[in-house]
Amino acid sequence: MPPTDCQSFWAGRDKGGDQCLMDAIRQQIEELEEELIALRRDFHAHPEVGFEEHRTAAAVEAYLGQLGIATCRMTGTGVVGIIQGTQLEPVLMLRADMDALPVQEETGLPYQSQNEGVMHACAHDAHTAILLVAAKVLMQHREQLKGTIKLVFQPNEENAGALPMIDDGVLENPKVNAALGLHVWTPLKSGTVGLSSGGVMAGLDIFRITIRGAGGHTGYPETARDPVIAAADLIQTAQRIQTREISLMKPTVIMFGKISGGTKANIIPDTMTLEGSIRTLYDDREDRPVERLRRLAEQVAATHGCTCEMTWFRENIPLINHPAMTRLMTETAARVMGDDACILPYASMASEDFSEFTARVPGAFAFLGAGDEEKKTHYPHHHPKFDIDESVLVKGVELLVKAATAYFEAPEG
């Protein structure tokens with residue numbers, strides 16, 4: 001279990017033999033950099049979308065098998081491996097996502113995607129490579145691990161694949177006590193790490209609103225009940241939820257991404273459909289922004305003589321970093337990044353299903369900066385020209401390895 005807030009994970013580990021071990025781990029990781037980059041490029045050239053990561057999963061199993069790590073399949077293409085230290089407990093989960101996106105790559109890289117219309121445009125190829133090499137290093141130092149490492153290679157992160165793995169028992173047998181993850185992140189410059197306690201990635205709800213009126217001729221609008229103007233009014237009025245009904249100290253974003261309806265320029269349609277998303281960076285069960293939007297939509301529609309129906313589903317819950325586990329990652333990042341370390345408080349309104357793990361066990365999620373305009377790695381995630389600064393990959397391995405080592409040495413570990 002994580003130590004109390006007044007205790008340091010790294011207390012007493014900067015001297016003598018412990019420091020020698022940390023230095024040896026860094027050197028070992030640096031010697032594996034070529035292998036690490038080769039793994040990432042191989043995954044990048046062969047991307048697979050969610051729950052179709054068959055080649056990737058097989059490659060993960062083969063690599064771990066060569067290390068002597070027993071694996072099992074879970075949730076179709078998910079892979080779980082166990083590194084047994086000198087004690088059975090506690091159990092620390094390290095997670096990497098494996099899936100790619102339905103994006104046509106436009107980078108022109110030598111290792112560009114070989115699969116038409118599919119691309120690793122979100123750095124999951126890097127995450128998988130980082131965790132594989134971290135497993136290699138941890139396996140060689142397992143006699144210094146006072147607990148168990150559970151390696152989780154997760155499918156379908158882009159569509160909430162964590163929850164099916166949890167339903168299939170990924171947090172059990174052995175029971176996970178804490179979890180760590182990271183995201184290679186181009187919005188942050190290379191050489192930086194983003195870390196904050198509390199909400200760091202948004203909860204995400206997807207909604208669909210259908211406004212029903214009565215169609216007619218655009219020359220005689222008074223004879224119709226116009227759903228178009230009702231839709232326009234709703235788009236404007238909905239913004240009051242995030243600025244007038246919910247505290248500005250609670251980040252809430254309501255966005256409309258799709259509007260459809262009508263058949264011809266001179267015909268008032270019967271219906272209009274609006275689709276969009278609601279993102280929150282906090283536990284929103286008290287403020288209920290979805291319910292607020294539904295209420296507002298019904299009232300606006302009624303004002304225009306229309307009716308409306310709203311459906312929605314929750315894709316991800318907010319990712320909440322545990323204070324003590326965040327401190328573990330922050331202290332570790334400061335040592336990994338060196339004298340020029342730039343550890344930034346950071347949160348993003350993007351969503352990430354690692355949130356399902358941190359909702360159940362203490363956990364922390366870090367952002368490893370990989371943006372460099374000169375290297376053309378400044379494009380945003382999901383962009384067809386997305387790429388990463390590969391020089392940061394060794395830092396990702398070192399962060400996971402050393403954070404795991406420190407976790408098992410914690411006073412209550």
Side-chain angles (χ1 to χ4, degrees), residues 1-2 4-5 9 93-95 97 122-123 127 154 157-163 166 171 176 178-188 192-207 238-239 241-255 276-293 312-333 342-369 380-382 399 403:
M1 299 297 292
T4 58
D5 287 344
F9 284 87
M93 186 183 89
L94 302 179
R95 173 270 208 172
D97 37 14
C122 202
H127 303 163
Q154 180 202 311
E157 184 278 328
E158 296 293 346
N159 289 291
L163 193 54
I166 291 170
L171 295 178
V176 172
L180 295 175
L182 60 77
H183 206 306
V184 173
W185 200 246
T186 61
L188 290 176
T192 64
V193 174
L195 272 164
S196 292
S197 182
V200 295
M201 295 195 82
L204 174 61
D205 292 287
I206 304 297
F207 64 82
Q239 305 311 307
I241 295 173
Q242 53 200 310
T243 61
R244 298 297 185 271
E245 294 192 15
I246 297 174
S247 169
L248 295 175
M249 303 303 292
K250 296 180 176 180
T252 307
V253 178
I254 300 175
M255 294 294 295
S277 63
I278 301 178
R279 297 176 185 268
T280 57
L281 206 57
Y282 57 94
D283 185 339
D284 61 9
R285 285 175 291 185
E286 180 179 349
D287 291 283
R288 298 174 293 106
V290 172
E291 288 294 333
R292 292 175 187 269
L293 179 60
W312 68 89
F313 68 92
R314 167 140 284 191
E315 185 166 304
N316 282 314
I317 61 176
L319 199 167
I320 310 297
N321 273 353
H322 186 277
M325 297 301 290
T326 303
R327 191 179 67 255
L328 162 64
M329 290 290 268
T330 303
E331 293 177 358
T332 305
C342 186
I343 315 301
L344 306 171
Y346 191 81
S348 169
M349 292 305 287
S351 65
E352 158 66 64
D353 70 356
F354 191 78
S355 58
E356 297 290 351
F357 300 123
T358 60
R360 292 163 174 81
V361 300
F365 195 74
F367 299 88
L368 180 63
H381 293 249
H382 297 197
L399 180 58

Hits for side chain to side chain donor-acceptor pair (under 3.5 Å) against T358, two or more places apart or cross-chain, chain-then-number order -> none
Could you walk me through whether I166 and R360 pass the side chain to side chain contact (heavy atoms under 4.5 Å, CB included) check? CA-CA 10 Å; I166 291 170; R360 292 163 174 81; 3.6 Å; yes
Which value, rounded to the nearest 0.5 Å, describes the distance between L281 atom CG and M349 atom CE? 5.5 Å
By ring pair (Phe, Tyr, Trp, His ring centres under 6.0 Å), which residues pair with Y282, not counting sequence neighbours? none
If you compare all heavy atoms of L344 against all heavy atoms of C342, which two are closest, and at what distance to 0.1 Å? CD2-SG, 3.4 Å
Quick check: does any side chain N or O of R95 sit under 3.5 Å from a backbone N or O of A179, one acting as donor and the other as acceptor? no
Side chains of E157 and F354: closer than 4.5 Å at any heavy-atom pair? no
Just list the side-chain donor-acceptor pairs under 3.5 Å for residues 192-201, sequence neighbours left out, or say none.
unit_1	atom_1	unit_2	atom_2	d
T192	OG1	K189	O	2.6
S196	OG	Y346	N	2.7
S196	OG	Y346	O	3.2

Do the ring planes of H183 and F365 sit parallel (below 30°), tilted (30 to 60°) or perpendicular (above 60°)? perpendicular
Mind checking the OG1-CG spacing from T326 to N321? Nearest 0.5 Å is all I need. 4.0 Å
Residues forming a side chain to side chain contact (heavy atoms under 4.5 Å, CB included) with R288, sequence neighbours excluded: E291
Heavy-atom nearest pair, S355 first then P318, reads CB-O, 3.3 Å
Using a 4.5 Å cut-off on heavy atoms from C-beta on, say whether the side chain of H382 contacts that of E158. yes
Using every non-hydrogen atom in the two residues, find where I254 and Q242 come nearest and quote the distance to one decimal. N-OE1, 3.2 Å
With E315, which residues qualify under side chain to side chain donor-acceptor pair (under 3.5 Å), at least two apart? none
Listed by chain and number, what are the side chain to side chain contact (heavy atoms under 4.5 Å, CB included) partners of S277, not counting sequence neighbours? L204, I206, M255, R279
Rounded to the nearest 0.5 angstrom, the CD1-CG distance for I241 and D287 is 11.5 Å
Closest heavy-atom contact between A162 and Q154? N-NE2, 3.2 Å
Does anything in residues 316-326 pair up under salt bridge (Lys or Arg N to Asp or Glu O under 4.0 Å), and if so which pairs, sequence neighbours excluded? none
For R285, give me all partners under salt bridge (charged side-chain N to carboxylate O under 4.0 Å, His left out), at least two apart in sequence or on another chain. D283
State, to 0.1 Å, how close V184 and H127 come at their nearest heavy-atom pair, and which atoms those are. N-NE2, 3.0 Å
Note: M329 and A403 closest approach over all heavy atoms is SD-CB, 3.8 Å
Going by the rule side chain to side chain donor-acceptor pair (under 3.5 Å), which residues pair with N316 if we only count those two or more places apart in sequence or in a different chain? S351
Qualifying residues under side chain to side chain donor-acceptor pair (under 3.5 Å), relative to D284, sequence neighbours excluded: T280, R314
Quick one: list whatever passes side chain to side chain contact (heavy atoms under 4.5 Å, CB included) with T243, sequence neighbours left out. none
Measure the shortest side-chain to side-chain distance between E352 and D97 over non-hydrogen atoms and say whether it is less than 4.5 angstrom. yes
For V290, the side chain to side chain contact (heavy atoms under 4.5 Å, CB included) test, sequence neighbours excluded, returns D205, I278, M310, W312
